[in-house]
Amino acid sequence: MIGPIIAPEDRLPRTLVVTNDFPTRQGGIEAFVAALSDLFPPGEVVVYTASMPGDAAYDAELAYPVVRDRATTLLPTRRVRRDVVAAFREHGCDRVLFGASAPLGLLAPALRAAGAQRIVALTHGHEVWWARMPVTRRLLRRIGDEVDDLTYISDWCRDEIGRALSPAGRAKQRRLAPGVDPDRFHPGCGGAEVRAGLGLDPGVPLVVTASRLVERKGQDMLVEAWPAVRAVVPDARLLVVGDGPHRRTLEHRVRTLGLDDAVTFVGARAWKDMPPYFDAGDVFAMPSRTRLHGLEPEGLGIVFLEAAACGKPVLVGRSGGAPDAVDDGVTGFVVDPTDTAEIAARLCDLLTDPARARAMGALGRERVVRDWRWEQVGATCREYLDGQTVSDAV
Ligand code: GDD
């Protein structure tokens, strides 16, 4: 049977999302790319990504196709280029969204030759590193020259990444900051149950932190600050959500400082189980700091948006674009991430004045619901893919 003849101009646009970063792996770029992919209208997106544990079960729940390459990390090799181009053609795509610009943006010329009419590449904190090192800097410049739009998550990242780009590449920089789903992350989304499960009374002053446990996220400084916090708020507890290479060091330091009864590690949690942990605390804190002479900054920090959406005041480290995630003094505090005294003082301010903490949290939720929703981010991203853009950077 012959189907209806569809003129090319009547065909739905279809975007191939090419990305290393996608669930089931955990992290900010993964959260960003998954949220954008979920927001495409039915039939308008296909994801090409790497293999990872539990992927088949995850993909089976999605409303769009996911092609899993056999590799666990995609690099722009000849073989991957061939397979990505084949998927682009097989699924009738006409646009490309790179989940991160580096390194897969190097596939842009092959996809252009295969018929991609628009190519948008996201950048994150990760590309700041690429922009600073001599060899990767040249590659990033090339990527900027090949794509149509190169997005950035904060003004700080725009400027850092812009230094590596040609004038033509800089003119393609557009803002696309991450967001949050305020229907998933909201006050009362399960924090009481988390507390009950951990044996914490509703009145126990609780600070929550959540991330991959790597040094730059600053959980070590929270632990160092804790004796000073406890001197003022003796029953204060710290809940650490997430896992990573720094966990053992953190646990060791907690033992050395005699804080076993004050600090609880719950490990990594599944995506769907994250919101209640943000809701469980009175305060969310992650004093991220820039490491390796500027190579490892915080690009923005989706966790701050998630905590704010749950109505929590946030404590943010002054690193990269992270201060954009908070209205300092209104919805939380920006602190020097190397200063345990300042970290402890700000935490004590919030823990000893719960009414003020709740008021700041409420303003934080108002702020993210107004300006930081994934829906808005998805709509902007689709405008970029449609080519409805004017330069917003110099
Ligand atoms: N499932 C699960 N389990 N998710 C977790 C866990 C966990 O144990 N811990 C943290 N997450 C989630 C958070 O809820 C959030 O959605 C995401 O992982 C972390 O995102 P970010 O706070 O943004 O940090 P990142 O370092 O992983 O992300 C990078 O890219 C982001 C997007 O551009 C950084 O450059 C960020 O600064 C940037 O915002």
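We count residues from 1, following the sequence as given. Quantities reported herein were computed from a predicted structural model and do not represent experimental measurements. Order of listing sets the numbers, starting from 1, for every ligand and every atom in it.
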### Task
Starting from atom 24 (O) of ligand 1, find the nearest protein heavy-atom neighbour and note its residue, name and distance.
Lys217 NZ, 3.2 Å

### Task
Please verify whether a non-hydrogen atom of Phe278 lies at under 4.0 Å from ligand 1.
yes

### Query
In the protein, which heavy atom is nearest to atom 39 (O) of ligand 1, and how far is it?
Gly301 N, 2.9 Å

### Query
Hey, is ligand 1 close enough to Val303 that some N/O pair sits below 3.5 Å?
yes

### Query
atom 20 (O) of ligand 1: which protein heavy atom is closest, and how many Å away?
Gly28 CA, 3.0 Å

### Task
May I ask you to identify, for Ala268, whether its side chain, its backbone, both or neither come under 4.0 Å of ligand 1 on a heavy-atom basis?
both

#### Entry: Part of Ser211 within contact of ligand 1 (heavy atoms, under 4.0 Å)
backbone

### Message
Could you check whether Glu160 pairs with Arg132 (Lys NZ or Arg NE/NH1/NH2 to Asp/Glu carboxylate O, under 4.0 Å)?
### Response
yes

### Query
Can Asp83 and Arg79 be counted as an ion pair, charged N to O under 4.0 angstrom?
yes

#### Entry: Subset of ligand 1 atoms that lie under 4.0 Å from at least one heavy atom of Arg212
25 (P), 26 (O), 27 (O)

### Query
Is the distance between the ring centroids of Phe284 and Phe278 less than 6.0 Å?
yes

### Query
Can you tell me which residue and heavy atom of the protein come closest to atom 11 (N) of ligand 1, and the distance to 0.1 Å?
Met274 CE, 3.8 Å

### Query
Side chain or backbone of Trp271 under 4.0 Å from ligand 1, or both, or neither, by non-hydrogen atoms?
both

#### Entry: Element-labelled atoms of ligand 1 that are located less than 4.0 Å from some non-hydrogen atom of Ile153
33 (O), 38 (C)

### Message
Tell me the nearest of Gln26, Glu30, Glu127, Glu306 to atom 7 (C) of ligand 1, using heavy-atom distances.
### Response
Gln26

### Query
Are the ring centres of Trp271 and Tyr58 closer than 6.0 Å?
no

